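Written below as structure tokens is the structure these notes are about.
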Amino acid sequence: MAHKLGSDPGSPRGTTESDSNGERDADREEDSRSGPSNIGRRAYLKAGAAAATATALGAGLGTAAAAAEREGIAFERVVDAVDDLGMDPTGSRSVTGQIADVPANTLVQFPDGDYLIDERLDLARLGNVGFEAVGDATIVGASGFTDTSWNVRDTAAVYYAGFTHDQSDGAVGHFWRVSDRIEIHDIDVVGRGGDWGVEMCPSITDPHGVARVVNYTNKKGSSWASYGGSAGRMGFYLGPEHAGTAKFIDCDLREYGNNAMYTSRCPGNVQVFDSYFENNNVASVRIGGEGSFVENTRIVVSEDRYTGPRRDEDKAFNMRGVLLEENHKNHGQKAAGAAVRGCEIVVEENPTWAPAIMSWSNGRSIEVTDTTIAYENTGGYVICKEDYSNKASHPPGEDPRWLRMDNVTITGSGDVPVVVKVEDADGTEIRNSSIHMTDNNADGIYIANSKDCVIADTNVVVPGSATDFENAEVETRNVTHEVPEEDSDDDGGTDDGGTDNGDTDDGDTDDGTDENTDGGFTYDQAEGVHTDLPHELVIEQVESGARVSYELEVDGELEAGEWEYPPTVDGTTATGGMGPSYGLDNVYYDGEVTRFEGENLDLVRVFIADAQTRTIVREVDPESFPEDDDGETVDDEDDTTEDDSTEDDTTEDDTTEDETADGGSEDDGDSTALDSVISFDGSRSEEVCSYRFSVTGEVVADEESDTGETGDWDRIEDTVEDDTVVGVVHTGIDTYRFSGDLVDLELRGSAEVTFDNGA
């Protein structure tokens with residue numbers, strides 16, 4: 001699965017965090033400007049200009065400009081916060097009085113400076129109002145101030161952009177209750193917030209209205225374990241007044257004590273795109289209901305990365321990734337339909353007993369697709385769907401309550417009793433997924449008190465049972481089970497389908513393959529002969545990003561293969577598809593392939609194999625096959641035929657020391673097979689770079705060549721699985737050695753990439 005995880009997971013805009021300790025210079029000179037531009041708005045009204053028409057305001061403030069538009073929001077006038085409204089840009093005097101007097105339908109522009117907030121502002125009926133930093137403008141919370149600073153209500157639209165919030169000494173928190181439109185852009189928060197309050201509340205009261213929060217960053221939200229007694233600072237909150245749609249795009253939220261996004265108890269939609277979350281208590285994202293989802297987002301829990309206060313960790317401390325709830329006694333029940341799509345959740349050292357994805361008992365249905373979870377934690381479950389029960393103010397969520405998983409990969413060595421636990425969830429389906437947990441005696445999938453459930457085309461590698469059913473009706477189809485090698489007492493097995501309402505998987509073996517990794521079967525680990533036909537054509541999606549479709553025709557007999565969802569065969573023609581992440585299809589045939597075409601074939605690898613020996617004969621170009629097929633053996637060290645021919649088609653006796661299939665002499669074994677090198681150098685840039693690449697052979701991290709692991713992000717372990725690497729680099733250099741060809745590379749950031757193919 002390819003991820004484009006925010007504009008940059010570690011620092012979305014490449015900004016650096018302020019080292020301010022909140023101390024302000026009380027001796028700064030006051031502004032010496034004179035004349036009307038130095039008169040505060042309140043004083044100006046008292047002076048006799050209360051009629052705030054565009055003409056009168058322009059004449060009274062001198063520099064006020066007419067009409068402007070930002071992100072589709074129109075304003076009647078533009079004023080300067082200092083020159084027109086008399087705000088102090090030195091941070092010495094509060095500007096709350098001038099902000100309280102901002103007229104309706106006005107865009108206020110803030111030049112360079114510090115603007116001190118020391119009291120709550122209740123601003124109402126402002127029509128379309130905007131606040132815009134046109135220089136390096138910082139909103140500063142006064143020492144000891146903990147309340148909400150700006151409370152804007154009964155207003156049509158708000159535009160707020162470009163500010164730094166300094167809450168080193170006091171809180172900066174904004175509540176927007178707006179009917180039609182909210183646009184919040186490019187906000188950086190510095191200084192660790194206190195242990196109470198809400199940082200931002202962008203509520204849309206009209207069901208057709210939209211709020212957008214774009215490029216909002218806070219890397220030290222508060223104390224991560226300050227939730228005791230329902231305290232703790234929240235990042236974003238949407239209460240029962242939110243009825244529209246709130247979109248959070250390219251946000252970076254970390255270390256909040258009371259949910260980075262507490263956005264579940266509202267009738268409106270909540271949608272998260274391309275964002276990054278780290279070490280947030282209760283949940284990084286708390287959502288529920290139809291129209292709400294988390295998409296293309298990375299969530300990390302890593303105790304090693306937290307440097308904030310360590311207190312109250314014995315209280316309500318649970319760092320979940322995504323938390324689902326949809327029913328509350330005061331707010332009612334939302335329509336079912338929340339989703340997690342295309343996400344990556346990494347749980348390294350979670351000091352709490354918390355799943356990566358959790359659906360409380362008051363949650364309804366949840367769909368998880370195209371998502372990877374790396375879980376190294378002790379205790380809990382990786383994905384948990386709680387039972388139907390009433391918990392105080394949380395009545396149980398009514399049907400539908402199913403969990404749907406499709407193309408989900410779960411890996412790790414976390415010590416858990418069960419990887420996926422589901423209760424009271426009729427209609428649950430788990431398909432095309434891979435579960436690989438190696439420690440303790442973990443079971444794979446537990447389903448209780450549920451009917452009409454399906455587990456299909458899923459590989460489970462756990463020390464315990466692949467499945468465990470209690471009072472449940474579950475149809476299993478092509479569910480493969482393996483025991484990790486260090487704990488293996490048998491060779492695993494494959495469920496051949498059927499409905500089971502017992503307690504355990506029977507482990508019967510069918511004629512399928514015995515492994516499914518990363519959403520697709522691995523051809524070279526398939527066993528057995530499944531046809532009398534001589535040839536096999538294999539289509540393997542090796543790059544993600546789109547769904548692949550294909551159609552082929554042969555001039556002889558044709559049979560569908562047995563992997564994934566098999567293609568449809570009609571006479572001598574077969575049609576099929578896979579994706580948008582990974583997959584593998586196969587067909588058996590005699591004669592020749594006379595036609596092969598489809599869509600997004602640049603994402604697949606196609607090869608021909610001997611169906612009777614299960615050995616690869618040659619790889620072909622999917623975009624020119626069969627016209628340009630020369631019948632030559634593929635140049636792939638793993639794809640030699642049984643006659644032990646080498647990469648360049650010479651026999652073993654004819655191969656020189658420099659021409660062996662491994663790239664070295666026969667005595668070298670496999671030590672020189674990984675002769676291509678790729679490096680990602682982040683030492684010349686301050687920003688964090690994320691990358692992903694795949695190869696056609698094997699890839700390993702070259703730890704001896706990695707250097708400069710001094711940045712926070714360099715301490716996050718990069719993921720190296722089979723032929724694909726997903727990683728980040730900050731100030732160091734990440735290096736990998738691999739065989740075969742580099743077939744896929746995605747890079748976000750400005751790291752320098754070097755490549756040596758070993759030629």
Side-chain angles (χ1 to χ4, degrees), residues 24-68 70 75-143 145 147-152 155 158-167 169-174 187:
R24 299 289 166 185
D25 184 3
D27 297 324
R28 291 177 179 173
E29 292 184 1
E30 293 189 6
D31 191 355
S32 61
R33 283 180 294 272
S34 61
S37 64
N38 195 36
I39 299 176
R41 178 64 182 153
R42 182 174 295 152
Y44 175 76
L45 291 175
K46 289 181 179 179
T53 64
T55 302
L57 182 62
L61 297 180
T63 59
R70 299 289 187 273
F75 307 97
E76 294 179 2
R77 67 192 67 82
V78 179
V79 300
D80 186 281
V82 176
D83 291 340
D84 295 330
L85 300 183
M87 295 188 194
D88 174 23
T90 71
S92 300
R93 290 181 288 111
S94 172
V95 300
T96 54
Q98 289 88 351
I99 293 174
D101 288 333
V102 169
N105 302 312
T106 299
L107 174 64
V108 183
Q109 294 185 328
F110 290 70
D112 291 351
D114 295 336
Y115 299 88
L116 186 66
I117 300 292
D118 64 354
E119 63 179 304
R120 176 187 176 98
L121 296 173
D122 290 310
L123 310 175
R125 293 176 293 279
L126 293 178
N128 293 352
V129 65
F131 305 92
E132 178 182 50
V134 294
D136 186 8
T138 300
I139 307 298
V140 180
S143 179
F145 180 65
D147 205 346
T148 299
S149 48
W150 299 3
N151 183 13
V152 178
T155 293
V158 168
Y159 174 74
Y160 185 83
F163 293 98
T164 296
H165 290 177
D166 188 340
Q167 52 185 27
D169 291 339
V172 178
H174 296 346
I187 306 298

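Please read all numbers here as calculations on a predicted model, not as lab measurements. Note: hydrogens, waters and symmetry copies are ignored here, and every other heavy atom, side chains too, is used. In this chain, residues are counted from 1 in sequence order.
- Between the CD1 atom in I139 and the CD atom in Q167 there is a gap of 12.5 Å [rounded to 0.5 Å].
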Yes or no on side-chain contact (heavy atoms from CB on, under 4.5 Å) for V102 and L123, after CA distance, side-chain angles and deciding distance? CA-CA 9 Å; V102 169; L123 310 175; over 6 Å; no

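- Among all heavy-atom pairs drawn from L126 and P103, the shortest one is CD2-C, 4.3 Å.
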side-chain contact (heavy atoms from CB on, under 4.5 Å) assessment of E76 paired with N128: CA-CA 9 Å; E76 294 179 2; N128 293 352; over 6 Å; no

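- Smallest separation of non-hydrogen atoms from L107 and A68: CD2-CB, 4.3 Å.
- Minimum heavy-atom separation, D166 to V172: O-CG2, 3.9 Å.
- Contact between T106 and V79 at its shortest, heavy atoms only, is CG2-CG2, 3.7 Å.
- Annotation: side chain of I117 is in contact with side chain of V95 (closest heavy-atom distance under 4.5 Å).
- Taking OG1 of T148 as the start and CG of L121 as the end, the distance is 10.5 Å to the nearest 0.5 Å.
- For the pair N105 (side chain) and F75 (backbone), a donor-acceptor distance under 3.5 Å is absent.
- The line from CG of L116 to CZ of F145 is 10.0 Å long, rounded to the nearest 0.5 Å.
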Give the intermediate values and the outcome of side-chain contact (heavy atoms from CB on, under 4.5 Å) for residues D101 and L85. CA-CA 9 Å; D101 288 333; L85 300 183; over 6 Å; no

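- In this pair, H165 and H174 present their aromatic rings perpendicular. The plane angle is above 60°, beyond the 30 to 60° band.
- Within the 3.5 Å criterion, the main-chain N or O of R120 finds no donor-acceptor partner in the side chain of D147.
- For the side chain to side chain contact (heavy atoms under 4.5 Å, CB included) with F131, the lone residue among Y115, Y159, W150 that qualifies is W150.
- A pairwise comparison of heavy atoms in A142 and D118 identifies CB-CB, 3.6 Å as the closest pair.
- In plain terms, the two heavy atoms of A104 and R125 that are nearest each other are CB-O, 4.0 Å.
- D88 has its side chain out of reach of Q98: every pair of non-hydrogen atoms, C-beta onward, lies at least 4.5 Å apart.
- Annotation: side chain of T155 is in contact with side chain of V129 (closest heavy-atom distance under 4.5 Å).
- A distance-only check finds no donor-acceptor pair linking the side chain of D136 to the backbone of D112 [under 3.5 Å].
- From E132, atom CD reaches atom OH of Y160 across 12.0 Å, with rounding to the nearest 0.5 Å.
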